[in-house]
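Within every chain, numbering begins at 1; the chains are lettered A, B, ... in the order of the sequence lines, protein sequences first and strands thereafter. Quick caveat, the model's predicted, so the values are computed rather than measured. Scope of the values below: all heavy atoms of this structure, side chains included, with no hydrogens, waters or symmetry mates.
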Number of protein chains: 2
Amino acid sequence: MCAAKRPIGIFDSGLGGLTVLKEINKEMPGENTVYFGDSGRTPYGNKSPETIVRYTRQIVRFLQEQQVKLIVIACNTVSACAADIVRDIAGVPVVEVITPGAEAAVQATNNRRIGVIGTRNTITSEVYIRAIRDIAGPNIAIFQRACPMFVSLAEEGWWDNSIARAIAAEYLTPLIENDIDTLLLGCTHYPLLVGAISWVTGPAIRLINAGRRVADQVRAALTEHDLINPAEHPPWYGFYTSDSTDQFQEMGSAFLKKPIDDVKRVNIELY
Amino acid sequence: MCAAKRPIGIFDSGLGGLTVLKEINKEMPGENTVYFGDSGRTPYGNKSPETIVRYTRQIVRFLQEQQVKLIVIACNTVSACAADIVRDIAGVPVVEVITPGAEAAVQATNNRRIGVIGTRNTITSEVYIRAIRDIAGPNIAIFQRACPMFVSLAEEGWWDNSIARAIAAEYLTPLIENDIDTLLLGCTHYPLLVGAISWVTGPAIRLINAGRRVADQVRAALTEHDLINPAEHPPWYGFYTSDSTDQFQEMGSAFLKKPIDDVKRVNIELY
């Protein structure tokens with residue numbers, strides 16, 4: 001297969017990365033894509049970094065088998081715990097979600113006070129603190145908060161009910177009290193909760209979803225490596241999961257906001 | 001090793017089964033035990049039955065390697081989806097958590113109106129409906145509700161705060177409106193949330209935690225097979241997890257309400 005016609009590989013611990021896939025499909029409608037969601041072992045956010053690394057290695061081997069031309073780590077937890085390992089073993093360009101998010105947050109802030117929310121692993125790793133300081137220097141205030149219940153909320157479909165708002169208030173009120181003007185959504189599930197989150201943060205705080213900017217980085221990397229798909233045929237989309245294909249299809253269509261027809265099951269632990 | 005001195009094997013998708021282990025340790029203080037928690041792939045409640053079966057087979061093979069004399073399925077989801085398979089392959093007596101819970105609920109109810117809560121898999125399987133009707137006949141009203149957020153709440157440590165109460169109210173109010181006098185806690189995580197649950201249900205509704213009765217069944221099965229440990233030495237307790245041993249130790253001690261010293265990591269997908 002001509003290298004440029006090979007698909008872009010995108011993976012996440014589960015369905016959250018579909019919010020990134022949506023942006024990639026929108027920005028690069030000519031590209032074939034393969035998505036893998038590790039729904040059989042989701043969520044990653046509270047699991048140990050060593051476990052995340054083991055799972056990630058298996059997923060990269062699976063994507064390599066699919067002959068992907070570029071890998072998108074559409075999961076902040078993996079980007080935080082294992083991005084260097086993916087770069088080491090991938091053999092193709094790798095785009096992760098931390099740097100694009102950090103860049104967007106730095107551009108958005110006026111008062112140089114940024115809030116960052118994510119899973120326990122992402123927050124503990126302090127990867128966003130390093131990424132933001134690398135871009136903006138030390139003279140910037142960053143306030144972090146792990147929001148472990150947000151992924152369960154998103155997967156329960158409670159995107160903006162009274163409980164979602166109460167949980168958002170519990171997690172976010174201490175951040176708001178630090179006078180932030182920008183809140184970085186450091187988990188690919190969180191854009192689904194934007195209703196509940198903005199109900200708490202109000203109009204004065206800008207919410208940063210890195211998905212669009214990740215798509216820009218994908219395009220830049222493909223251009224740099226001369227890998228933009230020249231095909232005039234409509235692209236194809238592959239969906240793979242480590243759990244039930246029915247569940248993926250049903251919930252995934254809601255996340256992606258378009259129907260997913262065909263999902264295949266993968267025994268990922270054999271990779 | 002003399003058969004009776006072999007340990008009891010207990011497993012769960014994660015830490016919830018420690019609430020059952022606690023009862024077994026208390027009721028049979030002379031027994032050695034081995035506990036496996038699949039924290040690397042937790043939770044099981046929303047995953048497909050086929051995935052649960054695959055994971056369960058691996059765990060049973062691990063427990064067999066530990067030469068257990070009896071297996072306790074300390075997880076309602078596995079009891080609902082894979083108890084027959086465990087019985088087929090275990091080669092030792094098997095105790096699950098559904099029947100003991102159903103028996104306790106039937107004994108407790110006066111008005112023959114029982115509520116059952118559990119994970120999505122447990123509720124969808126209707127295993128409690130069948131178990132209760134097997135014991136009490138068809139002339140009994142059963143009202144079910146899946147409570148997928150309860151496991152996340154228990155693992156977040158939000159056992160009885162305002163959010164736990166709001167979520168409990170959301171899930172349980174429709175059950176209460178059916179005039180139940182008994183509520184079966186059909187998930188080994190739920191006893192931790194008894195504060196929030198009883199805040200909603202009030203004193204008139206009896207909450208059924210099967211743990212104690214599971215311990216009774218373990219004792220009966222050991223007696224029947226002449227496997228009660230005659231040793232006068234203090235017993236030993238083995239703890240194994242598929243994820244970080246530190247996290248298991250820290251959270252597990254809170255669940256078990258006593259310190260856990262030594263936890264070992266197992267690559268369960270290799271079994």
Side-chain angles (χ1 to χ4, degrees), chain A residues 13-15 38-55 58 81 119-121 124 146-158 161-171 241-251 263 265-271, chain B residues 13-15 38-55 58 81 119-121 124 146-158 161-171 241-251 263 265-271:
Chain A
S13 63
L15 299 168
D38 200 0
S39 302
R41 306 188 290 200
T42 200
Y44 282 6
N46 294 321
K47 286 168 189 153
S48 70
E50 308 89 75
T51 295
I52 308 303
V53 166
R54 199 167 78 246
Y55 293 173
Q58 294 167 341
C81 300
T119 66
R120 214 167 261 152
N121 271 328
T124 308
C147 306
M149 296 281 293
F150 273 3
V151 169
S152 322
L153 272 178
E155 302 218 327
E156 175 71 340
W158 288 359
N161 67 3
S162 63
I163 289 167
R165 290 177 175 194
I167 293 178
E170 173 75 23
Y171 286 138
T241 172
S242 52
D243 192 27
S244 145
T245 55
D246 290 353
Q247 258 171 0
F248 188 100
Q249 213 160 331
E250 186 187 327
M251 284 292 291
V263 183
R265 162 86 160 263
V266 180
N267 266 358
I268 194 69
E269 66 258 43
L270 302 182
Y271 279 83
Chain B
S13 62
L15 299 167
D38 200 0
S39 303
R41 305 187 290 199
T42 201
Y44 281 8
N46 293 323
K47 286 165 188 154
S48 71
E50 310 89 74
T51 296
I52 307 303
V53 165
R54 198 167 80 245
Y55 293 172
Q58 294 166 339
C81 300
T119 65
R120 213 167 261 154
N121 272 326
T124 307
C147 306
M149 295 283 291
F150 274 2
V151 168
S152 322
L153 271 177
E155 302 217 328
E156 174 73 339
W158 288 0
N161 67 3
S162 63
I163 288 166
R165 290 176 175 194
I167 293 177
E170 173 75 22
Y171 286 138
T241 174
S242 51
D243 191 26
S244 145
T245 56
D246 290 353
Q247 258 172 358
F248 187 101
Q249 214 160 330
E250 186 187 330
M251 283 294 290
V263 183
R265 163 86 160 263
V266 180
N267 267 357
I268 195 68
E269 66 257 44
L270 302 181
Y271 279 83

Measure the shortest side-chain to side-chain distance between [X] and [Y] over non-hydrogen atoms and say whether it is less than 4.5 angstrom.
{"X": "A/I268", "Y": "A/R41", "result": "yes"}
{"X": "A/N121", "Y": "A/P49", "result": "yes"}
{"X": "A/M149", "Y": "A/E170", "result": "no"}

Chain A contacts, top residue of B/A169, B/S162, B/P148 (heavy-atom pairs, under 4.5 Å):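 The candidate making the most pairs under 4.5 Å is B/P148.
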Chain A interface, residue from B/E269, B/K47, B/R54, B/R265 that has the most non-hydrogen pairs under 4.5 Å: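 Ranked by heavy-atom pairs under 4.5 Å with chain A, first place is B/K47.
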Contact class of [X] relative to chain A, heavy atoms under 4.5 angstrom:
{"X": "B/Y44", "value": "neither"}
{"X": "B/I167", "value": "both"}
{"X": "B/L153", "value": "both"}
{"X": "B/T42", "value": "both"}
{"X": "B/S39", "value": "backbone"}

Partner chain B: residue of A/E156, A/E155, A/Q247 with the largest heavy-atom pair count (under 4.5 Å):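 Most heavy-atom pairs within the cutoff with chain B belong to A/E156.
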Aromatic ring pairing A/W158/B/Y171, orientation class (parallel under 30°, perpendicular over 60°, tilted between):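 The arrangement is tilted - the two ring planes meet at 30° to 60°.
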Any donor-acceptor N or O pair under 3.5 Å, side chains B/S244, A/S48: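 No, no side-chain donor-acceptor pair sits under 3.5 Å.
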A/E50 CD: over 12 foreign heavy atoms closer than 6.0 Å: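 Buried by this count: over 12 neighbours within 6.0 Å.
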